[in-house]
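Some notes on the structure that comes next.
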Amino acid sequence: MPISDLLRPVSTAAPDFFSSDYLSVTTSPFVRDAFLRNLASSPRILGSGGSRLGTGNTDAYTHIEERLRNLFGGPGIHACDALLFNSGYDANRVFWSTVPQKGDAIVFDNYVHISMKDGMFQSRAGSTGALYPFEHNAIVAFKERVGEALKEHPNISEGKGTLFVAVETLYSMDGDFARLREIFKAADELIPAGCAHMMVDEAHTTGLFGPDGRGLLFELGLETRVDTVLHTFSKAWGMSGGVIMTSPLIRKYMIMRGKPVMFSTALPYSHICGLNTVLDYVTSTAGSEQRERVRELCLYFSDCLAKGLRSVSPKLLRLDDVEISSYHRQTVVSPIFPILTPAYTSLANFLGAYGYAVTAIGFPAVPRGQERIRVTIHAGNTEAELDEFIACLMRWASGMQNGKRLERSRL
Ligand SMILES: Cc1ncc(COP(=O)(O)O)c(C=O)c1O
């Protein structure tokens, strides 16, 4: 790909089936009006003028953190204090690079986001090689890696170190959920009480599941089982930024050690105003309706696509057969659909000609043989749009099966 193409503007000509704006917050007229109203009455709207630890911290930041504490914290929850970051990437990197110490070890799903891995490698635990990745979502592998980590770090079972465990709730490349219950159960069985620190990244589930959009842990009643949680505002919240929910002690430690907290200017006030506006929306009845709408549309899409794919060779086009929703209750449906095809660039070019902002995903982003495009469903999509998109997929597949490389101009 020529370098000039790397940052080409994304098409907005066709419906959005590709962004992480699951609740369609960014195009909601309701949110737009509320935001402009709130902004008009905000005492400050532009830059904060400094970092949180320097001159940039005001009551606007402490107020949003208090709201986040109230939303994601609660009785019996260890991850009860909130520290706001300019991005989910910063939040993960600061937590993972500062908190695990020499003598600690980290067991993590091999598919966790790069922001976690970057932090882990920079941490004192990482610099001593105490990192134990396990095969994605494989409980047997998880147990083996925990066993190895405890054996190689006997100080942890003696209460002189901590075994950190890192997973995501929903993995965005495959659209599959973590086996949270099994992981927590195995951790309880294998790691002596008080020696584990469970960290969960809710980037793709915050806003989308749970009462008031509190996330998948709340949806499954597992919110008291974790020590630290990341929520990003860049997905279902339609903004950017992130919050680490953790203990007051760890929050304090991250403020003292986290370089972005010290050396990067705090988010602009307009952004804080946006976060307050979206928090109101996500926790409102309208937010619940949007969540339900995503679920309905996901079921509709998976049903219609499965019907369409019956006439297509799975060698050409298939839905990834990961357990998309069966692991959890029927109410929890993944909004991410990986559609696998070896002709992924041809398919992406074909859809791109219709204005879809599709990305072709090949090796090394995914293993060879698992090349794909990835469809995400949003509350603002309609059944008619989904029908048209599936029809487009089928036109491409039938052209390919008939040996023709279709261009839109020839249709
Ligand atoms: C699982 C996960 N964690 C963290 C991040 C980083 O979040 P942000 O985009 O808010 O920096 C992402 C972003 O794609 C993500 O998918």
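Each residue takes its place number in the sequence, starting with 1. Every number for a ligand or one of its atoms is a count from 1 in the order of the listing. Computed over heavy atoms, backbone and side chain alike; hydrogens, waters and symmetry mates excluded.
Looking at atom 6 (C) of ligand 1, its nearest protein heavy atom turns out to be Tyr89 N, 3.5 Å. Considering only non-hydrogen protein atoms, atom 3 (N) of ligand 1 sits nearest to Asp201 OD2, 2.7 Å. Nearest protein heavy-atom neighbour of atom 9 (O) of ligand 1: Ser234 OG, 3.4 Å.
Using a 30° and 60° split on the angle between ring planes, Phe301 and Phe17 fall in the parallel class, below 30°. Note on ring orientation: taking the six-membered ring where Trp is involved, the planes of His204 and Tyr22 are perpendicular (angle over 60°, cut-offs 30° and 60°).
At least one N or O atom of Gly88, backbone or side chain, sits closer than 3.5 Å to an N or O atom of ligand 1. When only interatomic distances are considered, the shortest N/O to N/O separation between Lys235 and ligand 1 falls below 3.5 Å.
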Could you walk me through whether Asp16 and Asn381 pass the side-chain hydrogen bond (donor to acceptor under 3.5 Å, both in side chains) check? CA-CA 7 Å; Asp16 176 14; Asn381 295 141; over 6 Å; no
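Residue Glu168 approaches ligand 1 through these ligand atoms, each under 4.0 Å from one of its heavy atoms: 1 (C). Shown in contact with Ala203 at under 4.0 Å from a heavy atom are these atoms of ligand 1, numbered in order with element: 1 (C), 2 (C), 3 (N), 15 (C). Atoms of ligand 1 lying under 4.0 Å from at least one heavy atom of Asn92, given by number and element, are 3 (N), 4 (C). Remark: ligand 1 atoms within the under-4.0 Å shell around heavy atoms of Thr232 are 7 (O), 10 (O).
Side chain of Ser42 to backbone of Asn38: a donor-acceptor contact under 3.5 angstrom is found. A donor-acceptor pair under 3.5 Å is absent between the side-chain atoms of His271 and the main chain of Gly47, judged by distance alone.
A salt bridge links Glu189 with Lys185: the distance from a Lys NZ or Arg NE/NH1/NH2 to an Asp or Glu carboxylate oxygen falls below 4.0 Å.
Remark: distances from the non-hydrogen atoms of His204 to ligand 1 include one below 4.0 Å. Within the structure, the closest approach of Ser115 to ligand 1 falls below 4.0 Å when heavy atoms are considered.
Remark: of the listed residues Ile244, Thr206, Val243, Ile244 is the sole one forming a side-chain contact (heavy atoms from CB on, under 4.5 Å) with Leu230.
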